[in-house]
Amino acid sequence: MRNLYGKEWVMKKKVFGVCVLLLTAVFGLSGFGLAEEGVTDTEIHIAQWGPQTGPAAAWGSIPRATGHYFQMLNDEGGIHGRKIVYHMFDDAYNPAKTKAGVKQLQEDVGIFAWVGGVGTACGLAVKNYLMAKKVPWVTPATGSRHWIDPPQKYLFSTFALYSTGAKVHCKYAYEQQGLKRFALAYQNDDYGKAYLQGAKEQLAKYGLKLVEAIPVEFRDTDLKPHVRKLKKAKAQATLICLTPMHAARIVMTGRQMRFNTQWMASSPCSDFPLMYKITKGAWEGVIAATFAELPDSDLPLMKKYRAAYKKYATKEERWGIFYYAGFGFAEPLVEGLKRAGRDLTREKLVSAMEGIRDFKGITGHINFAPFDPKDPWCRQGQDEVFLVQCQKGGKYKVITDWIEIR
Amino acid sequence: MDMKRNYYEDVQLFRSGVVVFWFVLFMAALAVFPLVAKNYYVYVVNYICINIIVVLGLNILVGYTGQISLGHAGFFAIGAYGTIILMTKAHLPFIIALPLGGLVAAVFGFLVGIPALRLEGPYLAIATLGFGLTVTQVIGRTDFFGGRQGLHAPPLTIGPWHLNTDKEFYYLLITLTVLLTLAARNLIKTKVGRAFIAIRDADIAAETMGVNLVFYKTLAFAVSAFYAGVGGGLYAFVLRFIEPEVFNLFMSVMFLAMVVVGGLGSIMGSIAGATLLAWLDLQLRNIVAIPYLGEWLETFSKTYMTLTGMSNIQFIVFGLIMVLIMVFEPLGIFGMWIRTKIYWKTWPF
């Protein structure tokens, strides 16, 4: 009996020894193998959040598309011999969950850089955290001024500001169409207010003022009073900066009430096939600003992305602007990673990003500049959009080239 | 088993030396926790603490007084906005702004409590639901509250301490959670608490016995709203940014679910319910990472469900856990605790 106990004891000791060795190996390797957090000899860890459930689940295609883009790049051999390991999580558009997910990935996995990220509130909940940790974040997927004002060294925004869209609309309607009476229906939030500001600034240049500016609430369902006011103001051009649902409703109500105006919609309403379908054709003639190439574009890059979409996306995924925007939002980061070279660190990525001039992917031209705390534009990459008009059947007609405006 | 022989046995904080021992050990573990745990888990505990505070308050209203509220996200929002605005616009220090924010919420709680004198059950639920939705609408339409753009929380300092990391904030939160838990426990043991329970059991009988219904019903709402307000004020500093859409109906429903799952009319239950559901809420998104089960779920969702089926599985699991707890233990987690306790106390019989 005593002998037996002794044997067991020796066994236990051996097992213990092996465990200690294994643990040391695991922790040792993970501790010393990294030159920079999130980068190994063969991998770069990039992450993004996006709602797959909840009220904004429709935007969830953006982070999924980014995943397909990285898959495509990895199959081509990766960046400087490193594959991108992509971490995506669902935050259900709830900032508390965004913050939890970001912290967990950042601290457990160690993310090298963040890309995209749907939702202004979700992004704002983690902005200070990422900036304090000096983790680069490229292209938050909303056009808010919060990202660049004040500018942050590690935060690069490329989503065209909503105010840029408003300015281009006013410029086109005034200079090309000769319209003088402008009205605006805007969503009463960050997105709408930015648009309102842009429209006011541009019209002031022509000595004009908005004849009517109507806030629309998220929960408003009957838009007849809004249209009545617009009609009374005799607006020749009516800018709309709303969710696709409200935009569809206001245009349909306008048509029913025989309100003749040139509707001009912000970029979130630029998915014409969809808008045409949900408005039962009333969307025809609407002009919209768009920040990326059109779905049927013949650009070689767009053809390549379409091929990637066919190869990697599941059957139910729809090829539309809010799908391939996920490719477009990640392009500047990939360009930065390529420029930063094989010896990758966060600081090198930031200086490589700052060196990007006139980069053209599937969105507008992108320019960054060395960090200047007084100049928000050093961190706003894209400042151009182009205008398209909706034709019968939801087809696109390009009516301007890229227009740059600040 | 739990026979009480005199009044002081009923009101004493700890029933025996063993309970004191475990309490001290638990407090020590909480104190050491941020030193050994990763920052992410500290954030999770912070999030749980805030839910505990709100659920303690809601349980006083629902579990002890027998009223209902589907508008607690409204009080939560008032506390959050109140605290930030008192700090940024009135330049009050945090330690004054936080209780004041809670008091503002309590005033609204008192006001909502007035219709509660005439409304019961589903009617009261609808009235409070309306209140919760109105609050976010009013905040969203008022520029003073930052409108739909939301507000940023100012840097947090208490005297010489700067509480800007999760770990620093953790100690403040734990202290407040323990204090508020003790306060709730003591409140229930006083005349006020007994009046609440009497109202819950039979309000007409209670009134006949001399319990002032007007006073105690509105007081229950005010106390409950105060807890929610304080929770909201702290939540603003966990997120560091608030906007009206954060305080939606789903949040109110979650608070209520925590009360019911934890156990109606129980302090322990409030803590357990808030801990379990808040933890699941944050953690279920990692369901795919569970070995075997995660892979199986993923294949299942890709084969039989839509593109985002996988993400929705977390809600199904979430719902399932709640339903199962209710089916097998109508008294909630607290009921399970009681049964386990009885089992061990009477073991082996």
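All heavy atoms count here, side chains included; hydrogens, waters and symmetry mates do not. Chain letters run A, B, ... following the sequence lines, proteins first, then strands; residues in each count from 1.
Using a 3.5 Å distance cut-off with no hydrogens or angles, the side chains of A/Tyr93 and A/Thr98 do not pair a donor with an acceptor. For A/Tyr323 and A/His68, the side-chain atoms include at least one donor-acceptor pair closer than 3.5 Å.
Here B/Val138 pairs with B/Thr134, B/Thr142 under the side chain to side chain contact (heavy atoms under 4.5 Å, CB included) rule; sequence neighbours left out. Listed by chain and number, the residues in a side chain to side chain contact (heavy atoms under 4.5 Å, CB included) with B/Phe33 are B/Ala37, B/Tyr41, B/Val42, B/Val45, B/Tyr170 (sequence neighbours excluded).
Contacts with chain A (heavy atom to heavy atom, under 4.5 Å) involve these residues of residues 272-283 of chain B, listed by number: B/Asp281, B/Leu282, B/Gln283.
Residue contact with chain B, scored on non-hydrogen atoms closer than 4.5 Å, involves the side chain of A/Lys193 exclusively. Proximity to chain A (any heavy atom under 4.5 Å) is shown, for B/Val44, by neither the backbone nor the side chain. Only the side chain of B/Asp143 comes within less than 4.5 Å of a heavy atom in chain A; its backbone stays farther off. Proximity to chain B involves both the backbone and the side chain of A/Asp108, based on heavy atoms less than 4.5 angstrom apart.
A salt bridge links A/Asp271 with A/Arg318: at least one charged nitrogen is closer than 4.0 Å to a carboxylate oxygen.
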For this session: For side-chain hydrogen bond (donor to acceptor under 3.5 Å, both in side chains), just list the numbers for A/Gln48 and A/Tyr86, CA-CA rounded to whole Å, side-chain angles, deciding distance to a tenth of an Å, and then say yes or no.
Result: CA-CA 8 Å; A/Gln48 177 169 207; A/Tyr86 179 57; 2.8 Å; yes
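Among residue pairs with one or both ends in residues 229-254 of chain B, those qualifying as ring pair (Phe, Tyr, Trp, His ring centres under 6.0 Å) are B/Phe76-B/Tyr235, B/Phe76-B/Phe247, B/Phe94-B/Phe237, B/His152-B/Phe241; sequence neighbours excluded.
Within the 4.5 Å cutoff, side-chain heavy atoms of A/Trp114 are placed close to those of A/Leu105.
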